[in-house]
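One structure is given below, encoded as structure tokens.
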2 protein chains.
Amino acid sequence: MSGVTIYQVAEAAGVSPSTVSNLLNGRPGRMLPQTRKRVEEAISQLGYRPNRAARQLRTGRIQVIGLVVPSVANPFWGTFARHLEHAALAEGYHVLLCNSERDPARERRYIEELWSDGIRGIVLCSSLPSLEHVMPLVHQGLSLVAFDRTAQAGDPPSLVNISVDNVIGAQLATRHLLELGHERIAFVSGSVRSVNRRERYRGFTDALTDAGLDPQQAIVWSGASEEPYGDLDVAGLGRTAVRDLLAGDRRPTAIVAINDMCALGISAGIRDAGLEVGRDISVVGFDDIVLADLASPALTTVRQPLADMAAEAFSQLRERLTGEAAVGHSMLVRPELIVRASTGPAR
Amino acid sequence: MSGVTIYQVAEAAGVSPSTVSNLLNGRPGRMLPQTRKRVEEAISQLGYRPNRAARQLRTGRIQVIGLVVPSVANPFWGTFARHLEHAALAEGYHVLLCNSERDPARERRYIEELWSDGIRGIVLCSSLPSLEHVMPLVHQGLSLVAFDRTAQAGDPPSLVNISVDNVIGAQLATRHLLELGHERIAFVSGSVRSVNRRERYRGFTDALTDAGLDPQQAIVWSGASEEPYGDLDVAGLGRTAVRDLLAGDRRPTAIVAINDMCALGISAGIRDAGLEVGRDISVVGFDDIVLADLASPALTTVRQPLADMAAEAFSQLRERLTGEAAVGHSMLVRPELIVRASTGPAR
DNA sequence: TAGGTTAAGTGCACCGTTGCACCAGTAAAT
DNA sequence: ATTTACTGGTGCAACGGTGCACTTAACCTA
């Protein structure tokens, strides 16, 4: 199929396959400049490209990392995937993308398949409290970087976590609303029991407590059912949430959303009810996806520096894969509140 | 590293590696049921998973297809990637994702790397008029499905094109505006010379002509420079376009956007200028991404049935790869106009 | 001039699977 | 009793590249 092999190159250049291999694998000093030139010419003339499967079989190495995200249909993950690919490509790595739909069984299956593909490094965007389901492979030697999930008690030391500080992020969001005079503030998320949600919820209640409010009185909406929601539906979820909240007896004047897609859904739900976002009800998102700035009204949100975090995730993974560093350092990024038009003073 | 090989399974089951291989490769009739059972038990007990690199090296086959999109940061492509992965996974295929940023050189480089990875099937979302830069590999045996690009004169018969009918789509969009009484209608796109743009532009002018308007008088904005724009910036582009258009002497009362992200940018630009979308200026998008319905006002747009198209793309590719069908059939899907709130009567 | 060192390049076993070609044993057909 | 056919396996070379261990020849050095 592919055709050209190292033998053909060797023959064309009048050397042995070993010499070609030496040139290809960073041992060019082992031959005369003129030999080297002959080999290089043969390579380009024949359009030779090493067969990766053969190389991988022999060396056990492969320049591919896995990326497991909930769903690239969510622009947050799409953007992250693009940044990660960018970082990886710069070092000659490819990225194999998997959409877990936030299903631990799929996560596990994917990771096992990646393992048997020979992939030894994975960025897992899971946010599940326990990573037990993938630990067996980690103990077999899989390098794992958990993204969007902070370090948890019981995590093995080899696990690197890269995440924004969710508690602080949610505090920033909630405080901003409190400062605007809101007191009936709702927290809206899906029903998934993620580290993420727990931490953002804590930041939310912390801020209420600091302001002298009773977090027990906080309005919390977290999905109609116990079923996990894919990231695709998270916007629809927000829309539903608003319907429920407005039908209740304690209607919030402001809403903290688990993320921007949810916030956009919430905004749509508010408009569905004939109310105005930022005036009748304030909304804060989380992530600062590109669309946050494009929405109407533009979304106040908590920014995650995605490009930097993606670069860091890849570099941590690479260091582990090449053996440069056996144990990495988790990263907890301080988020930033971006105030736009979806929040306004309480009326 | 990975550990378990077919030899260990064979030894545990008391058979030869060939027998294990026979079982794994659909030749279970070649052994007694009890032998088969022993092998199966050994496999599950040892947690054996075939080494794909070895298998690929031996057979030349690999269950991975490539997907080249402009950028998964754009929700349209993210959603498409997710649908394609879904279809592929159902048949045991993985998807290797690449972001071309609409750069032909990157496209080419990616496709060559995929080829040397042993990948023989690629879904290319390119929309460039000429696919010359990848033709050498197609002639070497690469199966290519071009998505979001209609068949062009000069395309080889082996090339499958799957696309929505852009001319009809743009006609639907434009006619809708004409029916609302608009006459000063602008067409906004990036500067990329894509098949897409050309066809949508033609649908746009066709509709104007049909309505007795002079397409020469149409307002066309297609980027400030000749540089290609990545899909990331397409929204920002729309925003810029509005600034330019409103500064001109013929201000449009309605705008046909090249796609939804662009339309969302345009909507933001209209608001920047203190005008109201759907009342002062109407906007029509293209694609019907999830966010079109969430936007405020919700975006009138031309829907592409992405899930079906992704399934078709994969199935065409698979047929080519397995040799079921040597030559596929291109698909031209009829799009549908979804009227929402971003369009209203001309004032 | 023997002994040592270096430069330039080659030989070969091995990575894990696959599937064709082969084989031993039994049963039915001649 | 020999041939033929079938069943239930096994043996082995090959896929393409890698890199250690080795050779050969030239050049130093005491």
Side-chain angles (χ1 to χ4, degrees), chain A residues 1-40 42-43 46-64 113 115-120 140-141, chain B residues 1-40 42-43 46-64 113 115-120 140-141:
Chain A
M1 264 292 209
S2 161
V4 189
T5 74
I6 203 170
Y7 292 92
Q8 298 172 27
V9 173
E11 197 180 345
V15 296
S16 74
S18 299
T19 299
V20 182
S21 173
N22 281 335
L23 177 59
L24 259 46
N25 291 282
R27 289 180 290 272
R30 306 203 108 207
M31 67 205 72
L32 292 175
Q34 65 232 41
T35 310
R36 175 178 175 169
K37 206 179 153 211
R38 281 212 318 282
V39 175
E40 279 166 348
I43 287 177
L46 295 171
Y48 167 73
R49 318 212 74 196
N51 178 317
R52 304 239 199 195
R55 175 177 275 177
Q56 185 194 344
L57 178 60
R58 180 65 239 251
T59 63
R61 279 179 266 118
I62 180 181
Q63 300 268 92
V64 177
E113 289 191 5
W115 175 263
S116 85
D117 280 352
I119 291 169
R120 294 296 170 265
Q140 276 192 60
Chain B
M1 265 295 210
S2 162
V4 190
T5 73
I6 204 170
Y7 290 93
Q8 299 172 27
V9 174
E11 197 180 346
V15 295
S16 75
S18 298
T19 299
V20 182
S21 174
N22 281 335
L23 177 58
L24 260 46
N25 292 282
R27 289 179 290 273
R30 307 203 107 207
M31 67 206 72
L32 292 175
Q34 65 233 40
T35 310
R36 175 177 175 169
K37 207 180 151 210
R38 281 210 320 282
V39 175
E40 278 167 348
I43 287 178
L46 295 171
Y48 168 73
R49 319 212 74 196
N51 179 317
R52 305 240 198 191
R55 175 176 276 178
Q56 184 195 343
L57 178 60
R58 179 64 235 253
T59 64
R61 280 180 263 119
I62 181 181
Q63 300 268 93
V64 176
E113 288 191 4
W115 175 263
S116 84
D117 280 352
I119 290 169
R120 294 295 171 263
Q140 276 193 61

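Bear in mind the structure is a predicted one, so any value in this text is a computation, not a measurement. Order of the sequence lines fixes the chain letters, A, B, ..., with proteins taken first and strands second; residue numbering starts at 1 for each chain.
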**Fill in**
Taken to the nearest 0.5 Å, the spacing of A:Ile62 CD1 from A:Leu57 CG works out to 11.5 Å
**Item:** Sugar-phosphate only, base, or nothing, as touched by B:Arg55 at under 4.0 Å among non-hydrogen atoms
**Value:** sugar-phosphate
**Asked** In whole angstrom, what separates A:Ile6's CD1 from C:dC12's C1'?
**Response** 14 Å
**Complete:** Residues in residues 14-29 of chain B with a heavy atom under 4.0 Å of DNA chain D, by number, are B:Val15, B:Ser16, B:Ser18, B:Thr19, B:Asn22
**Message:** Side chain of A:Arg30, heavy atoms from C-beta onward: which of C:dG16, C:dC14, C:dG9 has the nearest atom to it?
**Reply:** C:dG9
**Contact boundaries on DNA chain D for chain A, cut-off under 4.0 Å to non-hydrogen atoms** = D:dG16 to D:dA21
**Polar side-chain atom of A:Arg120 near backbone of A:Trp115 as donor-acceptor pair, under 3.5 Å** = yes
**Prompt:** With sequence neighbours left out, what residues match A:Arg55 under side-chain contact (heavy atoms from CB on, under 4.5 Å)?
**Reply:** A:Leu24, A:Asn25, A:Pro50, A:Thr59
**Complete:** Sequence neighbours excluded, the answer for side-chain contact (heavy atoms from CB on, under 4.5 Å) partners of B:Thr5 is B:Tyr7, B:Gln8
**Prompt:** Taking only residues two or more places apart in sequence or in another chain, which ones pass side chain to side chain donor-acceptor pair (under 3.5 Å) with B:Arg36?
**Reply:** B:Glu40
**Request:** Please collect all salt bridge (Lys or Arg N to Asp or Glu O under 4.0 Å) contacts where either partner lies in residues 10-30 of chain B, sequence neighbours excluded, each pair once.
**Result:** none
**Asked** Which part of the nucleic acid, if any, lies within reach of B:Arg36 when heavy atoms closer than 4.0 Å are counted: base, sugar-phosphate only, or nothing?
**Response** nothing
**Message:** My understanding is that only one of B:Val39, B:Val15, B:Val9 makes a side-chain contact (heavy atoms from CB on, under 4.5 Å) with B:Leu23; could you say which?
**Reply:** B:Val39
**Asked** Can you name the salt bridge (charged side-chain N to carboxylate O under 4.0 Å, His left out) partners of B:Arg38, sequence neighbours left out?
**Response** none
**Item:** A:Ile62 CD1 to C:dC15 P, straight-line distance once rounded to whole Å
**Value:** 19 Å
